[in-house]
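Note on naming: letters A, B, ... go to the chains in the order of the sequence lines (proteins, then strands), and numbering restarts at 1 for each one. Note that the structure is predicted; figures quoted are calculated from it, not measured.
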There are 2 protein chains.
Amino acid sequence: MRQIIDERTGGTVRPPCGAEPHSALHGPSHAPTMRIAAHVTVLHEGDPARRIMEVVDGAVMLSKLLPDGRRQVVELLGPGDVFGLAHADIYACSAETLTPATINTHDRSALERDPVLGARLLRRFEAQLCVMHSHALVLGRMSALERVAFFLLRLMPETMVGGTLHLSMTRQEIADFLGLTLETVSRAFSELKRRGLVVLQRADEVRIQDRGSMRRLAGAL
Amino acid sequence: MRQIIDERTGGTVRPPCGAEPHSALHGPSHAPTMRIAAHVTVLHEGDPARRIMEVVDGAVMLSKLLPDGRRQVVELLGPGDVFGLAHADIYACSAETLTPATINTHDRSALERDPVLGARLLRRFEAQLCVMHSHALVLGRMSALERVAFFLLRLMPETMVGGTLHLSMTRQEIADFLGLTLETVSRAFSELKRRGLVVLQRADEVRIQDRGSMRRLAGAL
DNA sequence: CGAGGACTTGATACCGTTCAATACCGGTGG
DNA sequence: CCACCGGTATTGAACGGTATCAAGTCCTCG
């Protein structure tokens, strides 16, 4: 059995589990904005789906569980990304903050009425669907080393060239995202380090040393 | 090296490769409907993305390639599903018909103007995104046998209980969808047959014998 | 009847998992 | 300040599932 839901609530209130997280800190009742600590589960897979959420700031991780406890992190979200999707009025994924996050929520009924919101979500869904397509390629066809290289490139935007990337995920979370075990992820990091493609200041601080080789490994992201 | 694009054009014209498939058989020029034979590549990954397509009838497969030829089938589409998505005005996937298909195309610019179309696409994108989430779970965390069981259940709707399912995909295509090799897919079919969960009239005609066991294998679809 | 393609099955190799031991890091209390 | 502790990460050894390589079979079509 595996530890699934991390309850290191960073000191902030947790929204009323699975029901309506209506803590209106800012904004009107139909689109409240919430400030949430890191490592808080915002949504539970299987709960009734009443709201759609938008990440304003911070990072959120969506995951799904198999009955026997195997977990897959299906999406990593940043500012602008949308979650709280549903099949048959049931949330399809759990959502957990990776960092402190600001989240905007909309009532699903508002979706029908607000065409501006609809247009924004449409663009965002298209982008997220494209990312999922790439991720299917990663999960279905790439080796462990390639997956980790891809992961790091994805987290390190072109802009920040020489910067140090802070990973806000544990090896286990990265493994669940990449369809590997934490040991294999760790070995892959060590191998990338050994080859001189990355430098690990600490376990959660990476600097990409040789971006060209990384790209080649990741199949040209 | 692998055979990637299947050119068994079933006798029908192939739309002008990658450019605007404007064969207006039915409907006005801004939303032409095309009738396309089986095994025709409608869209090429990397081509400029001008249009959004909707499957009216038939089955379409979306796939992505790695530089070295490895392929992943990222989505299987049926009536109502949408494809032709893009990052940076470039098609993110290739699209190939699995059966004869009827496809509706919309100019991307029409998307901005037509809120009814937008609302329909939004609902559909949400559904497809949910399916991709499940697929990530399949690719990242399931064994070969589980993947094939999941695949068959997904293709066999609840309604058709005792019916025979006709697979319009080769073992290679199924393998590329499930992140396996064709040999492993074949072995999985044989194993399901051996266990009495399915009956194979022919290689491409399956009957699900024991739906309960299949569900258990697939992790309750 | 023969040819080609798709599928099945077998033998072996390899990559990633599993199990286990050890190292590291931050925090707490002596 | 240091010893200790819990959680996380790294590393090693053995195992196993899937890929790979290679026949051989079945089906369809000419």
(request) Could you check how far CD of A:Q172 sits from P of D:dT8, rounded to whole Å? (result) 10 Å

(message) Treating B:R141 as the side-chain partner and A:R70 as the backbone partner, does any N or O pair qualify as donor plus acceptor under 3.5 Å?
(response) no

(message) Classify A:L180 by what it touches in the nucleic acid, base, sugar-phosphate, or nothing, heavy-atom distance under 4.0 Å.
(response) sugar-phosphate

(request) Please report, rounded to the nearest Å, how far the P atom of C:dC7 is from the CG atom of B:L200. (result) 11 Å

(request) Remember a base hit wins even if backbone is also touched, and classify B:T181 as base, sugar-phosphate or nothing at under 4.0 Å, heavy atoms. (result) base

(request) For the residue pair B:R171 and B:S186, confirm or rule out a side-chain donor-acceptor distance under 3.5 Å. (result) no

(request) Grab the CZ-P distance between B:R171 and D:dC27 for me, whole Å please. (result) 13 Å

(request) Determine whether the side chains of A:T102 and A:R35 contain a donor N or O and an acceptor N or O closer than 3.5 Å. (result) yes

(message) Distance check needed: D:dT18 P versus B:L178 CG, whole Å only.
(response) 12 Å

(request) To the nearest Å, give me how far apart CE (B:M142) and C1' (C:dT17) are. (result) 18 Å

(message) Rounded to whole Å, please give me the gap between CG in B:D204 and P in C:dG5.
(response) 18 Å

(request) Map A:V185 and B:V185 onto DNA chain C by nearest heavy atom, then report which one ends up closer to the 5' terminus. (result) B:V185

(request) Tell me, please, which residues at least two apart from B:V131 pass side chain to side chain contact (heavy atoms under 4.5 Å, CB included). (result) A:H87, B:R154

(request) Find the distance A:E173:CD to D:dG7:C1' and express it as a whole number of Å. (result) 13 Å

(message) If you compare every side-chain N and O of A:T184 against the phosphate oxygens of C:dC15 (OP1, OP2), does one of them come in below 4.0 Å?
(response) no

(message) Would the base of C:dG26 count as contacting A:R202 through its side chain, where contact means a donor and an acceptor less than 3.5 Å apart?
(response) no

(request) Could you please name the option among C:dG16, D:dA9, C:dC7 that lies closest to any side-chain atom of A:S143? (result) C:dG16

(request) Nearest-nucleotide wise, let me know which of B:R147 and B:E183 is further upstream toward the 5' end of DNA chain D. (result) B:R147

(message) Taking donor-acceptor contacts at under 3.5 Å, does the side chain of A:R70 reach the base of C:dT17?
(response) no

(request) Write down the distance between CG (A:L182) and P (C:dT17), rounded to a whole number of angstrom. (result) 10 Å

(message) Applying a 4.0 Å non-hydrogen cut-off, can you work out what B:S186 is touching in the nucleic acid: base, sugar-phosphate, or nothing?
(response) base

(request) Please identify each residue that fulfils salt bridge (Lys or Arg N to Asp or Glu O under 4.0 Å) with B:E191, with sequence neighbours left out. (result) B:R194, B:R195

(request) Look at A:R187 and D:dT11 and indicate whether a side-chain polar atom (N or O) is within less than 4.0 Å of OP1 or OP2. (result) no

